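One-based numbering, in listed order, for ligands and for the atoms of each. These numbers come from a predicted model, not from an experiment.
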Amino acid sequence: MSDASTTVGVIGLGAMGAPMASNLARAGLLAAVWNRTTSKADVFFAEFGVVRASDPADLARRCDVVLTCVSADGDLLDVIDALLPGLSAGKIVVDTSTVQPATAIEIAQRLEKLGCGFLDAPVSGGVEGAKQGTLAIMVGGAAATLERARPVLNAIGKRIAHMGPAGNGQATKAVNQIMCAGINHAVTEALAFAEDQGLPLDKVIDVVSGGAAGNWFLEKRGPTMVRWEFNPGFKLALHYKDLAICKAIAEQRGVILPVVEMTLEQYRRLIDAGYGDEDISALYREKRKLFDNE
Ligand code: NAP
C-alpha cells in the first residue's frame, strides 16, 4: 500500500472526524465518507466531490483503509457490525475513537478472522490538532499493519507512536484522559481564583502560559472559559465516558483514582444541569461557584 494507491473511507464526520477527513482529502487519499446524519456527508461531497457511501459496508468495499471516529464503545461496535459485509482480506480498519481497550481487542480478533488488519489509534490534540493535521496518535496493533496504514496516519497526525498489541493504543489514551482531567481542574480552579482576585485575566493567561504552569489547555481554552464561552472542542459528556473507562480499568486493579472520581462527580452534576454538550472547560462553572459566597 503506497501513498499514491491507498484509498481511505471515513466513518463519523463529527468535530474530530470531519477535519481528519478534510486532511485526507487534501492528501489525495479520501475516496468515500459515511455519516449517520447524511447532511454531514453531503457537505463533503460538495467540498471535495468524494463518494457518499450508501452504508458502512458500501464504504468498506470502495476503500483499502476504513477510518472510524464515532462516540463510544456501543457506537463503534454497531459500525463494525455494519462494515463486516463489505470487508475482505487485506483491508485495514483504523479506529480513532476513544473506547475501552477490551473493545479494541475484541474488534481486532473479529477482523483477524476475516484476514483484515485493525489498529486502535485514538488521538489527542483537540479539534485544533485535527484541523492542522498535528494530532498525537497512540497506536495498538500489529507493527506490519501500522506500516501499511502509516501514509494515512501521516496525513492526520504528527506524532505517531506504536504502543504494542491491540488495546494498548486505548490504554495509552486512558493515561492521556486522566492527565487532561487533572489539567482541567488545575486550570479552571486557578482562573476562577484569578477572577475572584480581580486580576486582568487576559494578562494572567498570557504570562502564566509563558512559565512553568503553561499548557495547551490554558492557552486554547483559558481565553474562552473566562468569557463563559464553552463551545466544543471536546464535549464534556465524551470526557465523562472516557473517565468511566479509566475508573473501570483502575477498579480491576483494586485502585480508586482521586482525580478520576472527583472529575466524574463534577461532570455528572454539569451533565445533569444540561451542560454535557459543552466543552470540558465548562468545569469553570463549578469552580466559579466556589467563590459565590456573598
Ligand atoms: P462528535 O462531534 O459528537 O461526533 C461523533 C460522531 O460519531 C458523529 O459523526 C456521529 O454521527 C457519529 N456517531 C455517533 N454514534 C454513532 C452510531 N451509533 N453510529 C454511527 N455513527 C455514530 O464527537 P467528536 O468530538 O468528533 O469525538 C469522536 C470520538 O473522538 C470520541 O470517541 C471522542 O472521545 C474522541 N476524541 C474527541 C476529541 C475532541 O477534542 N473532540 C479529541 C480526541 C478524541 P452523527 O453526525 O449522526 O451524530
- Query: Do the side chains of Leu77 and Glu106 get nearer than 4.5 Å, heavy atoms only?
  - Reply: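 Yes, their side chains come closer than 4.5 Å.
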Throw together a table of side-chain donor-acceptor distances under 3.5 angstrom for residues 213-227, partners on residues two or more places apart or in other chains.
unit_1: Asn215; atom_1: OD1; unit_2: Phe217; atom_2: N; d: 3.0
unit_1: Asn215; atom_1: OD1; unit_2: Leu218; atom_2: N; d: 2.9
unit_1: Asn215; atom_1: ND2; unit_2: Ala213; atom_2: O; d: 3.1
unit_1: Arg221; atom_1: NH1; unit_2: Glu128; atom_2: OE2; d: 2.6
unit_1: Arg221; atom_1: NH2; unit_2: Glu128; atom_2: OE1; d: 3.1
unit_1: Arg221; atom_1: NH2; unit_2: Glu128; atom_2: OE2; d: 3.3
unit_1: Thr224; atom_1: OG1; unit_2: Arg221; atom_2: O; d: 3.0
unit_1: Arg227; atom_1: NE; unit_2: Glu229; atom_2: OE2; d: 3.0
unit_1: Arg227; atom_1: NH1; unit_2: Pro223; atom_2: O; d: 3.4
unit_1: Arg227; atom_1: NH2; unit_2: Glu229; atom_2: OE1; d: 3.3

Indicate yes or no: does an N/O atom of [X] lie under 3.5 Å from an N/O atom of ligand 1?
X: Val123; value: no
X: Thr98; value: yes
X: Asp78; value: no

- Kindly determine whether Asp73 and Thr103 satisfy side chain to side chain donor-acceptor pair (under 3.5 Å), including the steps that lead there. CA-CA 7 Å; Asp73 295 68; Thr103 300; 2.6 Å; yes
- Query: Hey, what do you get for CG (Leu119) to CG (Leu153), rounding to the nearest 0.5 Å?
  - Reply: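 If we round to the nearest 0.5 Å, Leu119:CG and Leu153:CG are 7.0 Å apart.
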Salt bridge check: are [X] and [Y] linked by an N-O gap of less than 4.0 Å?
X: Glu265; Y: Arg268; answer: no
X: Arg269; Y: Glu286; answer: yes
X: Asp58; Y: Arg52; answer: no

Under 4.0 Å from any heavy atom of [X], which atoms of ligand 1 are there?
X: Gly126; value: 40 (O)
X: Lys173; value: 43 (C), 44 (C)
X: Gly12; value: 9 (O)
X: Ser97; value: 32 (O)
X: Lys235; value: 1 (P), 2 (O), 3 (O)
X: Leu238; value: 23 (O), 24 (P), 25 (O), 27 (O), 33 (C)

The one among [options] that brings a heavy atom closest to [atom]:
atom: atom 47 (O) of ligand 1; options: Thr37, Leu13, Val33, Asp279; value: Thr37
atom: atom 40 (O) of ligand 1; options: Tyr240, Phe234, Trp34; value: Phe234
atom: atom 17 (C) of ligand 1; options: Arg36, Met20, Lys40; value: Arg36
atom: atom 41 (N) of ligand 1; options: Pro232, Cys69, Gly233, Ala15; value: Gly233
atom: atom 18 (N) of ligand 1; options: Asp75, Val79, Val10, Asp277; value: Asp75

- Item | Any donor-acceptor pair under 3.5 Å from Lys91 side chain to Ala60 backbone |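 Here the side-chain-to-backbone pair exists.
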- Query: Just by modelled atom types, is the Ser71 backbone N or O under 3.5 Å from a matching donor or acceptor in the Lys241 side chain?
  - Reply: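 Judged by distance alone, yes, a pair lies under 3.5 Å.
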- Message: Apply side chain to side chain donor-acceptor pair (under 3.5 Å) to residues Tyr284 and Glu195 and explain how you reach the verdict.
- Response: CA-CA 11 Å; Tyr284 194 64; Glu195 189 171 347; 2.4 Å; yes
At what distance is the nearest protein heavy atom to [atom], and which residue and atom is it?
atom: atom 32 (O) of ligand 1; result: Ser71 O, 2.8 Å
atom: atom 29 (C) of ligand 1; result: Val70 O, 3.2 Å
atom: atom 42 (C) of ligand 1; result: Met16 CE, 3.5 Å
atom: atom 4 (O) of ligand 1; result: Gly14 CA, 3.4 Å
atom: atom 34 (O) of ligand 1; result: Lys241 NZ, 2.9 Å
atom: atom 9 (O) of ligand 1; result: Asn35 OD1, 2.7 Å

- Within 45° of the ring axis of Phe230 and under 6.0 Å from its six-membered ring centre, is that where the NZ or CZ of Arg285 lies?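 Geometry flag: not set, cation outside 6.0 Å or 45°.
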- Query: Ile256 and Glu261: which non-hydrogen atoms are nearest, and at how many Å?
  - Reply: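 Smallest heavy-atom distance, with atoms named: CG2-CG, 3.5 Å.
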- If every non-hydrogen atom of Ala155 is compared with every non-hydrogen atom of Ala27, which pair is closest and at what distance?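 Heavy-atom minimum between the residues: CB-CB, 3.9 Å.
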- Can you tell which part of Ile11 has a heavy atom less than 4.0 Å from ligand 1: side chain, backbone, both or neither?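 The answer is neither.
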